[in-house]
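Since the structure is predicted, the reported quantities are computational estimates derived from the model, not experimental observations. The residues of the chain are indexed from 1 along the displayed sequence.
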Amino acid sequence: MTVHRHRAAALAAVLTAAALSLTACGSAGSSAGSGEVAKAGGGTVNARTATSLADFGGMDGLVAAAKKEGKLHVITLPRDWANYGKLMDDFKAKYGIEIEDENPDGSSQDEINAVKSRKGQDRAPDTLDLGSAFALSAAKEGILAPYKVAGFDKIPATMKDADGLRVNDYGGYVSIGCDAKKVATCPKTFADLLKPEYKGQVALNGNPTKSGSAFGGVYAAALANGGSLDDIQPGIDFFAKLKQSGNFNPVESTPATIEKGETPISIDWSYLNAGYTDEFKGKGIDWQVAVPSDGSYAQYYNQAINKDAPHPAAARLWMEYLYSAEGQNGFLGGYATPALFDAMKADGTLDATAAAKLPTVEKPFTTFPSSEQVDAAKKVLTDNWAKAIAG
């Protein structure tokens, strides 16, 4: 992964898998057709089993099939997350396909639960944006469709499933955001967060047993406090200490809580905190961002297609769009590092101005956890988090 000006290996799987279920709401409805569509150049193709543009006879065939479906159902994509609002608007304008974005503040596990509970329904998600651990588990469960976008070969092997079941799309670092108008001296490290002047001010973006960004915060805290990718417990202990000191704020940090002054210090992904800097400029909030040098930790999210997507052609067109230069630069415009950063820099399609605005990283994260390390960390966190912060 390339984050800011530094080069590093691709990020591996990291996220917690425990979360509350998302049940189907509204009328169920039936699945939207069989997926059989006309193929450019003659004949037909089943969009639900298509594995590349070639199956559609090229991009024109895929666009025509997607436009015929006319709709894309995505889930848990906040508009202020990695520039998804602009990406969705631009996709709709480019192809004339309506996007329904359900439960934008949900979790990765909510997405997987929706796929399972709505199988065969027209309200099932078409595509998923998952933390790596969730993406790996979803691939193992057989609920994802193999699909290789046009630029698939340019994506490093360590950043994708070999068959295209899931592919890294964008990433960033755990960071500390701070309202400099409410906090006299903004913290720069995890060690700083324990200082008494931050009483009741330090929040996470969610519960780490449900939220990938919060889990990343605990993993980063572990690295800052003698832990390792094999040992997340020091991160849990750090937050227990933060709670005991009175500094930990259990309120889930969101743009709304920041505006209200409820969470003036927020541990979150760098692309979210950096985006808030722009968002809050006209609202009297001086939001500053620091990537902690004592707990440097980064991660990619993954894009995937529901095997039983009710709009299978639109799902594949969305994937092609996100991995095009336009889509990848869209993520970059939201302060996230796109999966094709290095390839685009080499071929001259990278938005250099946007790349220059990425948060500075003093110590790049270069050693990434294995799936076994992730599974072990998930179990320790699930078993110990609630008890640690209850005291």
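Rounding to the nearest 0.5 angstrom, the gap separating the CD1 atom in Ile155 from the NZ atom in Lys148 is 11.0 Å. To the nearest 0.5 Å, atoms CD (Glu362) and NZ (Lys188) are separated by 11.5 Å. The distance from atom CD1 of Ile75 to atom CZ of Arg118, rounded to the nearest 0.5 Å, is 5.5 Å. Here Glu326 contributes atom CD and Asp351 contributes atom CG; the two are 12.0 Å apart, rounded to the nearest 0.5 Å. If you take OG1 on Thr277 and CG on Leu272, they are separated by 11.0 Å, rounding to the nearest 0.5 Å. Taking NZ of Lys379 as the reference point, atom CG of Asn384 lies at 8.5 Å (rounded to 0.5 Å).
Within the 4.5 Å cutoff, the side chain of Asp179 has no heavy atoms near those of the Phe280 side chain. At least one side-chain heavy atom of Leu322 sits under 4.5 Å from a side-chain heavy atom of Gln303. Counting heavy atoms from C-beta on, the side chains of Thr337 and Leu358 come closer than 4.5 Å. Contact of the Asp129 side chain with the Asn302 side chain is not registered, since no non-hydrogen atoms from C-beta on lie closer than 4.5 Å. Considering only heavy atoms from C-beta on, Leu128 stays 4.5 Å or farther from Phe134 through its side chain. A heavy-atom distance below 4.5 Å is not found between the side chains of Asn306 and Leu144. Side-chain contact check for Arg123 versus Glu100: some heavy-atom pair is nearer than 4.5 Å. Ile232 has its side chain within reach of Val218: a pair of non-hydrogen atoms, C-beta onward, lies under 4.5 Å apart.
Classification of the Tyr219-Phe215 ring pair by plane angle, with boundaries at 30° and 60°, yields perpendicular. Using the six-membered ring where Trp is involved, Tyr170 and Tyr84 have ring planes that are perpendicular, over 60° apart on the 30 and 60° scheme.
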Q: Just do the side-chain contact (heavy atoms from CB on, under 4.5 Å) check on Arg166 and Lys160 with the steps written out, would you?
A: CA-CA 6 Å; Arg166 52 97 197 163; Lys160 62 191 178 187; 5.6 Å; no
Q: Check the pair Glu262 / Lys182 against salt bridge (Lys or Arg N to Asp or Glu O under 4.0 Å), numbers first and verdict last.
A: CA-CA 10 Å; Glu262 295 177 10; Lys182 293 187 178 298; over 6 Å; no
Q.
side-chain contact (heavy atoms from CB on, under 4.5 Å) for Asp286 and Gln288? Distances and angles first, verdict last.
A. CA-CA 6 Å; Asp286 180 12; Gln288 298 185 6; 3.4 Å; yes
Q.
With side-chain contact (heavy atoms from CB on, under 4.5 Å) as the criterion, how do Thr257 and Thr254 come out once you've worked through the C-alpha distance, each side chain's angles and the decisive distance to 0.1 Å?
A. CA-CA 5 Å; Thr257 64; Thr254 67; 3.4 Å; yes
Q.
Run the side-chain contact (heavy atoms from CB on, under 4.5 Å) test on Asn83 and Phe331 for me, step by step, so that the C-alpha distance in whole Å, both residues' side-chain angles and the decisive distance to 0.1 Å come before the verdict.
A. CA-CA 6 Å; Asn83 216 21; Phe331 284 131; 5.7 Å; no
Q.
Determine whether Asp237 and Lys241 satisfy the following criterion, salt bridge (Lys or Arg N to Asp or Glu O under 4.0 Å), listing intermediate values before the conclusion.
A. CA-CA 6 Å; Asp237 295 341; Lys241 188 174 181 181; over 6 Å; no
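Sorted by first then second residue, the salt bridge (Lys or Arg N to Asp or Glu O under 4.0 Å) pairs that include residues 266-283, not counting sequence neighbours, are Glu259-Lys283, Asp278-Lys281. Residue pairs that meet the ring pair (Phe, Tyr, Trp, His ring centres under 6.0 Å) test with at least one member in residues 135-162, sequence neighbours left out, do not exist here. Sorted by first then second residue, the disulfide (SG to SG under 2.5 Å) pairs that include residues 90-132, not counting sequence neighbours, number zero. Evaluation of the disulfide (SG to SG under 2.5 Å) test over residues 45-154, restricted to residues two or more places apart or in two chains, returns none.
Not a single donor-acceptor pair under 3.5 Å links the side chain of Asn273 to the backbone N or O of Val291. Without hydrogens or angle criteria, His73 side chain to Ile99 main chain gives no donor-acceptor distance under 3.5 Å. A side-chain donor-acceptor contact under 3.5 Å links Glu69 to the backbone of Ala314. A donor-acceptor pair under 3.5 Å is absent between the side-chain atoms of Gln328 and the main chain of Phe341, judged by distance alone.
Remark: the Tyr301 side chain and the Trp269 side chain contain an N/O donor-acceptor pair separated by less than 3.5 Å. No hydrogens or angles considered: nothing links the side chains of Asp230 and Ser228 as a donor-acceptor pair under 3.5 Å. Side-chain contact annotation: Ser175 with Ser270, donor-acceptor N/O pair under 3.5 Å absent.
We find that Lys94 and Asp90 are not joined by a salt bridge, their nearest charged nitrogen and carboxylate oxygen being 4.0 Å or further apart. A salt bridge links Arg79 with Asp89: at least one charged nitrogen is closer than 4.0 Å to a carboxylate oxygen. Ion pair Lys378/Asp375 flagged as a salt bridge, since at least one NZ, NE, NH1 or NH2 atom sits closer than 4.0 Å to an Asp/Glu carboxylate oxygen.
In terms of the ring-ring contact (aromatic ring centres under 6.0 Å, His included) criterion, Tyr198 has no residue partners (sequence neighbours excluded). Among residues two or more places apart in sequence or in another chain, the ring-ring contact (aromatic ring centres under 6.0 Å, His included) test is passed with Tyr321 by Phe91. Applying the side chain to side chain donor-acceptor pair (under 3.5 Å) rule to Thr189 yields the partners Asp192; only residues at least two apart in sequence or on another chain are considered. Glu141 pairs by the side chain to side chain contact (heavy atoms under 4.5 Å, CB included) definition with Lys116, Ser137, Ile143, not counting sequence neighbours. In terms of the ring-ring contact (aromatic ring centres under 6.0 Å, His included) criterion, residue partners of Phe239 (sequence neighbours excluded) are, by chain and number, Phe248, Trp385. Residues passing the side chain to side chain contact (heavy atoms under 4.5 Å, CB included) test with Pro104, sequence neighbours excluded: Asp101. Remark: Asp161 engages no residue in a side chain to side chain donor-acceptor pair (under 3.5 Å) (not counting sequence neighbours).
No option in Asp294, Leu229, Val174 other than Leu229 meets the side chain to side chain contact (heavy atoms under 4.5 Å, CB included) test with Leu223. Across Thr127, Asp122, Asp126, a single residue satisfies side chain to side chain donor-acceptor pair (under 3.5 Å) together with His311, and that is Asp126. With Ile265 as reference, Val183 is the one residue of Val183, Asn247, Ile258, Asn249 to meet the side chain to side chain contact (heavy atoms under 4.5 Å, CB included) rule.
In this structure, Phe190 has its ring center closer than 6.0 angstrom to the ring center of Phe238.
Within 6.0 Å of NZ in Lys119 there are 12 or fewer heavy atoms belonging to other residues, nucleotides or ligands.
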Below 3.5 Å, can you tabulate the donor-acceptor pairs from side chains in residues 54-67 to any protein atom, sequence neighbours excluded?
residue	atom	partner	partner atom	Å
Asp55	OD2	Thr51	N	2.6
Asp55	OD2	Thr51	OG1	3.3
Asp55	OD2	Ser52	N	3.4

